[in-house]
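Below, read A as the first sequence line, B as the second, and so on, with proteins coming before strands; counting in each chain starts at 1. Note that this is a predicted model, so its numbers are computed, not measured.
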2 protein chains.
Amino acid sequence: MKKAPTIKEIARMLNLSISTVSRALHNSEGISEGTTRRVKEVAHELGYEPNQTALFLKSGKTLTLGVILPHLSEAFFSEAISGIEDFASEHNYNVLMGQSHDDTEREKKIVEAMKNHRVDGILVSIAKNTKDFSHFDALQKYDIPVVFFDRVPDRYEANTVTCKMEAGMLEAIEFLVKRGHTRIAFINGPKELLATRERLAGYDSALRSLHVEVKPEFVVHSDLSPEATCRAMQTLLTLKTGPSAVIAFNDYVALDAMQYARKMNIRINQDISFVSFANLPVWSYMENPPLASVEQFPYRQGQRATEMILEILNTPKHKVTDKFKKIILEPRLFIHT
Amino acid sequence: MKKAPTIKEIARMLNLSISTVSRALHNSEGISEGTTRRVKEVAHELGYEPNQTALFLKSGKTLTLGVILPHLSEAFFSEAISGIEDFASEHNYNVLMGQSHDDTEREKKIVEAMKNHRVDGILVSIAKNTKDFSHFDALQKYDIPVVFFDRVPDRYEANTVTCKMEAGMLEAIEFLVKRGHTRIAFINGPKELLATRERLAGYDSALRSLHVEVKPEFVVHSDLSPEATCRAMQTLLTLKTGPSAVIAFNDYVALDAMQYARKMNIRINQDISFVSFANLPVWSYMENPPLASVEQFPYRQGQRATEMILEILNTPKHKVTDKFKKIILEPRLFIHT
DNA sequence: CTGTTAGCGCATTCAC
DNA sequence: GTGAATGCGCTAACAG
């Protein structure tokens with residue numbers, strides 16, 4: 001049973017005081033070259049690494065960022081955290097990760113654990129049902145900044161990184177209209193999500209600005225489960241005058257909707273065209289992907305969010321303002337084939 | 001600029017000593033009910049959470065597990081870490097995450113950072129080129145146990161969780177032979193990986209035991225890049241007597257190989273049948289997935305690895321043995337109708 | 001029932 | 001050039 005080496009141990013081995021060892025390791029002035037060398041040798045020999053945990057007591061910095069996501073199994077989020085981790089590690093930060101599984105209670109627990117660990121800052125994509133943000137607000141008492149990305153609270157008081165969904169929707173609809181579609185349906189997501197409302201607003205305004213008739217029955221909802229998506233698709237297919245194109249809330253909804261349509265003997269992108277949000281990497285391998293999808297750059301969003309929080313952390317306290325930071329990325333319509 | 005509340009602050013506010021506060025928060029014996037209540041009230045009011053970092057100094061436990069993976073963008077690994085995080089958080093452990101991007105140098109850096117943070121244990125799937133394990137061995141000095149999963153070192157001295165690849169290969173080949181295939185090719189992975197050698201051993205022994213002729217030219221390699229996979233597939237397609245079935249090292253290789261074949265006007269699973277390893281969740285949505293794939297249960301592997309490391313952490317020091325723990329899971333052939 | 005103190009690992013201020 | 005002492009937040013052993 002070993003114990004991690006400490007400066008104390010090094011000091012004892014060399015008959016030095018711990019402060020000398022500490023200074024030697026930091027190349028401080030006023031330590032003889034010989035001592036410095038010997039200290040470093042022994043340190044290396046023992047595989048000494050400074051104890052970040054002890055350092056925190058002095059510095060108040062853990063060099064750790066907390067990341068809270070709904071779930072990693074969704075490609076969007078695993079790409080995002082990949083961007084976060086890459087950017088963070090470039091700047092010597094570590095990443096503590098937690099999945100809320102779209103459950104507000106778990107989200108609260110994770111926030112608490114991260115408070116316990118005194119992470120320097122937290123990046124979050126909130127759970128589907130989170131309406132109350134008091135667990136995040138409580139972080140102010142700990143001087144832990146929070147940056148929300150993608151799934152952000154529907155209120156102004158928050159640092160956020162998002163994609164301009166209205167713009168993405170406009171691009172998608174312009175694309176379809178150019179191809180001659182006028183009966184454009186929309187399978188939207190759960191009404192609690194801000195993203196749902198934004199996409200709907202984009203849908204309405206895009207259709208209006210392009211002078212396409214807005215039919216209320218063309219907008220249906222899914223809670224993102226395969227079953228709900230199939231029901232939504234079914235609703236669309238049983239309309240007397242059905243849609244010629246369907247926009248899906250995201251790629252998973254598109255997958256389920258397209259599968260259901262295929263089962264109903266509808267030819268994808270011939271009888272009904274599809275356009276989707278988020279752009280799964282696997283589309284390129286599919287024989288019949290949606291005609292296009294709105295790329296939301298999860299990796300980039302993660303990166304930018306990390307950049308934002310590091311900027312906040314590096315702002316000297318006396319310069320802190322009350323302004324909230326907002327980054328809004330432009331999505332891009334990615335046309336398949 | 002707030003600072004995190006401490007027991008000291010609570011003590012000052014109530015004119016108590018810090019030890020009384022500490023005891024009250026822990027419901028220790030011998031504290032008057034009134035005091036306990038008042039302490040808890042104030043603690044709640046301030047949003048007090050104990051400082052895990054300070055606790056570590058005493059207990060030597062950070063309640064944090066380090067996880068090192070090649071990259072999260074691969075579904076296999078994001079599923080695995082999902083299993084790790086779920087199991088860990090159930091047991092009040094947090095997860096510190098790092099991506100090696102299949103680069104041994106980055107892997108070393110991550111190990112060092114995790115040593116700095118004094119994680120209680122580390123779970124790893126090693127980088128493709130890692131041959132030297134001294135950075136992991138050095139963790140012994142810190143009494144930090146390591147459990148390898150999926151991508152494990154090719155030596156005995158390691159705690160490992162893996163899938164029995166030979167068995168998976170046998171199942172896959174049995175499946176193909178039953179369907180009448182005798183010309184079964186294999187696109188294997190990079191030779192450095194243990195998984196590559198295991199699959200090859202399984203391939204050879206399965207063919208032999210089923211009395212199918214082994215043709216050396218039927219085994220080709222890919223470094224897992226799309227280009228290499230296409231070249232490998234091309235090699236197979238230009239054989240005078242080509243294969244009737246192809247087994248792919250993993251799903252990504254299968255995707256690339258199938259796409260290439262399609263481009264060459266080969267009808268998937270008619271002209272050439274495919275079987276793959278790993279079982280991407282999206283197969284179920286594809287019109288022409290491989291006939292079958294060998295499911296390796298990444299989520300389960302992550303869970304079991306976490307279970308193993310927690311078991312090691314909870315073993316009293318005096319009971320520690322030198323034995324290495326090994327868990328070998330049975331893969332399952334998943335047939336895509 | 002409650003207060004005082006030591007110590008975990010380290011950087012740092014003050015002595016010599 | 002180097003050592004001794006302090007304090008970061010907290011628990012636990014020891015005193016009352």
Side-chain angles (χ1 to χ4, degrees), chain A residues 1-40 42-43 46-63 115-120 141-144, chain B residues 2-40 42-43 46-64 115-120 141-144:
Chain A
M1 167 192 171
K2 304 274 172 48
K3 277 214 56 182
T6 67
I7 49 170
K8 201 191 221 171
E9 201 178 331
I10 301 177
R12 202 165 23 78
M13 291 174 67
L14 290 166
N15 268 316
L16 287 169
S17 74
I18 54 167
S19 41
T20 306
V21 173
S22 172
R23 276 178 287 221
L25 289 171
H26 289 266
N27 301 310
S28 299
E29 308 271 297
I31 295 289
S32 75
E33 211 174 295
T35 307
T36 305
R37 196 177 34 71
R38 280 184 300 137
V39 167
K40 289 200 173 174
V42 174
L46 292 178
Y48 170 82
E49 292 283 338
N51 186 331
Q52 181 63 45
T53 289
L55 287 184
F56 166 77
L57 282 184
K58 307 241 77 173
S59 68
K61 298 278 142 246
T62 51
L63 294 182
K115 258 182 2 191
N116 269 279
H117 278 258
R118 300 296 190 268
V119 295
D120 291 338
K141 291 203 179 128
Y142 284 75
D143 198 30
I144 299 176
Chain B
K2 303 275 171 49
K3 278 215 55 183
T6 67
I7 49 170
K8 200 192 223 173
E9 201 178 330
I10 301 177
R12 201 164 24 76
M13 290 174 67
L14 291 167
N15 268 318
L16 287 169
S17 74
I18 55 168
S19 47
T20 305
V21 173
S22 171
R23 276 178 289 219
L25 290 172
H26 289 267
N27 301 311
S28 298
E29 307 270 297
I31 295 287
S32 75
E33 210 171 297
T35 307
T36 305
R37 195 175 35 71
R38 280 183 302 139
V39 168
K40 291 201 170 170
V42 175
L46 293 178
Y48 171 82
E49 291 283 337
N51 186 333
Q52 181 63 46
T53 289
L55 286 183
F56 165 76
L57 243 35
K58 304 243 78 171
S59 68
K61 297 278 143 245
T62 51
L63 295 181
T64 302
K115 254 175 15 182
N116 268 280
H117 277 259
R118 299 297 191 271
V119 296
D120 292 338
K141 290 204 180 125
Y142 283 75
D143 199 29
I144 298 176

When you measure from the side chain of B/I18, which nucleotide among D/dT11, D/dG9, C/dC10 comes out closest?
D/dT11
Output yes when at least one side-chain N/O atom of B/T35 is less than 4.0 Å from OP1 or OP2 of C/dC1, else no.
no
Check: B/T20/B/S17 side-chain N/O donor and acceptor closer than 3.5 Å
yes
Measure CD1/A/I7 against P/C/dT12 and give the value in whole Å, please.
11 Å
Given C/dG3, is OP1 or OP2 found less than 4.0 Å from the side-chain N or O atoms of B/S17?
yes
Interatomic distance where OH belongs to B/Y142 and P belongs to C/dC8 [whole Å]
17 Å
Does B/Y48 put a side-chain nitrogen or oxygen below 4.0 Å from OP1 or OP2 of D/dC10?
yes
Distance, rounded to the nearest Å, where B/N27 contributes CG and C/dC1 contributes P
14 Å
Value in whole Å for how far the P atom of C/dT2 lies from CG of B/L25:
14 Å
Atom-pair distance (CZ on B/F56; P on D/dT11), nearest Å
15 Å
Mapping A/L57 and A/V21 to their closest nucleotides on DNA chain D, which lands nearer the 5' end?
A/V21
Side chains of B/T35 and B/R23: closer than 4.5 Å at any heavy-atom pair?
no
Separation of C/dC8 atom P from A/N51 atom CG, nearest Å, is 13 Å
Student check: side-chain heavy atoms of A/L46 and A/M13 closer than 4.5 Å:
yes
Distance below 4.0 Å between B/S19 side-chain N/O and C/dT5 OP1 or OP2
no
So B/N116 and A/P50, do their side chains get closer than 4.5 Å, heavy atoms only?
yes
Checking side-chain polar atoms at under 3.5 Å, does B/N51 have a donor or acceptor matched by the opposite partner on A/K115?
no
So for A/K58 and D/dG7, does any side-chain atom that can act as donor or acceptor lie under 3.5 Å from a complementary atom in the base?
yes
First of B/E33 and A/H26 reached from the 5' end of DNA chain C, by closest nucleotide
B/E33
When rounded to whole Å, the CD1 to P distance for the pair B/I10 and D/dC10 reads 8 Å
Could you tell me whether the phosphate oxygens of D/dC8, OP1 or OP2, come under 4.0 Å of any side-chain nitrogen or oxygen in B/K3?
no
Is there a donor and acceptor pair, one atom on the side chain of A/S22 and one on the base of C/dT12, closer than 3.5 Å?
no
With the side chain defined as heavy atoms from C-beta on, A/S32 is closest, among C/dC10, D/dG1, D/dG9, to D/dG1
Give me the one residue out of B/V42, B/I31, B/V21 that meets side chain to side chain contact (heavy atoms under 4.5 Å, CB included) with B/L16.
B/V21
Under 4.0 Å, heavy atoms only, any strand: does B/L55 hit a base, just the sugar-phosphate, or nothing?
sugar-phosphate
In whole angstrom, give the distance that lies between atom NZ of A/K61 and atom P of C/dA11.
17 Å
Given C/dC10, D/dG3, D/dC10, the nucleotide with the shortest approach to the side chain of A/T20
D/dG3
Does any donor-acceptor pair link the side chain of A/R23 with the base of D/dG3 at a separation under 3.5 Å?
yes
